[in-house]
Amino acid sequence: MTTQPYSTALVTGASSGIGAATVRRLRELGLEVHAVARDKERLDKLAAETGCIVHAASVADLDAMSAIFKEHEIDILINNAGQSRTGNITNTTEEDIDGLVDINLRAVLQLTRLALPGMIARDRGHIVNITSIAGHYAFAGGNTVYHATKAGVHSFSQQLRCDLFGKNIRVTEVSPARVQTEVFGRLIGNMEEAQRRFFDEYDSLLPEDLANSIAFAISAPQRMNVSFMEVLPTMQVVGGLNFAKKPAKS
């Protein structure tokens, strides 16, 4: 059971992966958890398992999100929902850019805007933003727009701490590296191939690892704000340099 003055949480992207694992972990802490995702069938199964309250809607649906905050006092907001794409800015589409910005960045800003008035009035709250090491490091093979959206949430998290200075509202950014989720299967269109290519020969983070990281930040003493947490597999590092050879002289 958490010792914090929180009673309710809202988790986005809750139907699978990090989101579903976080719902389970927060329910273990005794919190009422509102689970938001588009997949109602999966949400219903999660509700049967955990007792969470489901909201089958996209985080981009501002009317649906506004209704949740009007009807419920949310103490903890976990901004977890996200999308990715293959390719980079040279071969992306207008729809890809809009989709990534809408879910990865705009929804985080909007949900936080909706959550904060109640948190400020009650003088308690915790915003947890799930980003990615893609928001802090450049590396070949990453989707440029995805990197940009996660960098935007990183900057937002830092500025939000300034906006909330002097209030009992904490802000935590959790920035994971490779996590074994269905995202990789959706990216290449085949989960079995994703499993073989990305996970079978590597130790990756599990969704439960991130759920436990979030629980640690939430359960920390109220005087303590875990402002930024970068979580990597032990066998993964980031950084390095690449050099392109000069073209051969004719």
Give a yes or no on this: more than 12 heavy atoms of other residues, nucleotides or ligands lie within 6.0 Å of atom CZ of Arg38.
-> no

What distance do Arg124 atom CZ and Ser7 atom OG have between them, rounded to the nearest 0.5 Å?
-> 5.5 Å

Pair Asp96-Thr93, side-chain donor/acceptor within less than 3.5 Å | yes

Between His136 and His154, how do the two ring planes meet: parallel, tilted or perpendicular, split at 30° and 60°?
-> perpendicular

Check the pair Leu232 / Val237 against side chain to side chain contact (heavy atoms under 4.5 Å, CB included), numbers first and verdict last.
-> CA-CA 8 Å; Leu232 285 79; Val237 297; 5.6 Å; no

Can you tell if the side chain of Val174 reaches within under 4.5 Å of the side chain of Phe228, non-hydrogen atoms only?
-> no

Do Thr131 and Glu173 have side-chain atoms, one donor and one acceptor, less than 3.5 Å apart?
-> yes

Should Ile169 and Ile120 be marked as a side chain to side chain contact (heavy atoms under 4.5 Å, CB included) after you check the CA-CA gap, both sets of side-chain angles, and the distance that decides it?
-> CA-CA 8 Å; Ile169 302 171; Ile120 292 171; 3.6 Å; yes

Lys/Arg-Asp/Glu bridge criterion (N-O < 4.0 Å) met for Arg25, Glu208 | no

Give, for atom NE2 of His55 and atom NZ of Lys40, the distance between the pair rounded to the nearest 0.5 Å.
-> 12.0 Å

Are the side chains of Ile127 and Phe156 in touch, meaning some heavy atoms are under 4.5 Å apart?
-> no

Check: Gln83/Arg85 side-chain N/O donor and acceptor closer than 3.5 Å | yes

Strictly by modelled atom types, are Thr112 and Asn79 linked by a side-chain donor-acceptor pair under 3.5 Å?
-> yes

Check the hydrophobic clustering (I, L, V, M, F, W, Y; side-chain heavy atoms under 4.5 Å; chains of links allowed) and say if Ile78 and Val108 are grouped together.
-> no

For residues Gly152 and Leu105, report the shortest heavy-atom separation together with the two atoms involved.
-> C-CD1, 4.0 Å

Check the side chains of Thr149 and Asn104 for a donor-acceptor pair under 3.5 angstrom, ignoring hydrogens and angles.
-> yes

Any idea which heavy atoms bring Pro233 and Ser204 closest together, and the distance?
-> CG-CA, 4.0 Å

Passing option when His126 is tested against Asn225, Thr172, Asn168, Asp75 for side chain to side chain donor-acceptor pair (under 3.5 Å) = Thr172

In a check of side-chain contact (heavy atoms from CB on, under 4.5 Å) between Val36 and each of Asp61, Val11, Leu111, Ile68, which one passes?
-> Ile68

With a 4.5 Å limit on heavy-atom distance, are the side chains of Leu100 and Asn143 in contact?
-> yes

Same apolar cluster: Leu29 and Val33, side chain cutoff 4.5 Å = yes

Distance-only polar pair, side chains of Ser157 and Asn129, donor-acceptor under 3.5 Å = yes

When every non-hydrogen atom of Pro207 is compared with those of Gln180, the smallest separation belongs to CD-O, 3.6 Å

Got a second to check how far Leu10's CG is from Ile74's CD1, nearest 0.5 Å?
-> 5.0 Å

Looking only at heavy atoms, the pair that brings Thr144 and Ile89 closest together is OG1-N, 3.5 Å

More than 12 heavy atoms of other residues, nucleotides or ligands under 6.0 Å from CD of Glu94: is that the case?
-> no

Going from CD on Gln159 to CG on Leu164, what distance comes out if it is rounded to the nearest 0.5 angstrom?
-> 10.0 Å

Quick check: are there more than 12 heavy atoms from other residues, nucleotides or ligands sitting under 6.0 Å from CZ of Phe139?
-> yes

Between Thr12 and Asn80, which heavy-atom pair has the shortest distance, and what is it?
-> OG1-N, 2.9 Å

For residues Ala56 and Leu43, report the shortest heavy-atom separation together with the two atoms involved.
-> CA-CD1, 3.9 Å

OG (Ser219) and OH (Tyr6) are apart, to the nearest 0.5 Å, by 9.5 Å

Residue pair His34 / His72, side-chain heavy-atom distance below 4.5 Å = yes

Is the shortest heavy-atom distance from the side chain of Arg170 to the side chain of Gln222 under 4.5 Å?
-> yes

Is it the case that one hydrophobic cluster holds both Leu114 and Ile76, taking links as side-chain heavy atoms less than 4.5 Å apart, direct or via other members?
-> no

Under a 4.5 Å side-chain heavy-atom rule over Ile, Leu, Val, Met, Phe, Trp and Tyr, are Leu160 and Val59 clustered together?
-> yes

Within a strict 4.5 Å, meaning less than it, do heavy atoms of the Thr8 and Leu31 side chains meet?
-> no

ILVMFWY network linking Val171 to Val226, side-chain heavy atoms under 4.5 angstrom | no

If you count the non-hydrogen atoms of other residues, nucleotides and ligands that lie under 6.0 Å from CE in Met224, is the total more than 12?
-> yes

Test side chain to side chain contact (heavy atoms under 4.5 Å, CB included) on Phe216 and Met229 and set out the steps.
-> CA-CA 11 Å; Phe216 171 77; Met229 188 184 301; 4.0 Å; yes

Going through the distances and angles, do Val54 and Ser15 end up as a side chain to side chain contact (heavy atoms under 4.5 Å, CB included)?
-> CA-CA 10 Å; Val54 304; Ser15 61; over 6 Å; no

Do Pro176 and Asp209 have side chains that get closer than 4.5 Å, going by heavy atoms?
-> no

Report yes if some heavy atom in the side chain of Leu77 is under 4.5 Å from a heavy atom in the side chain of Met119; otherwise report no.
-> yes

Output the distance between atom CD (Glu49) and atom CG (Asp44), rounded to the nearest 0.5 Å.
-> 13.0 Å

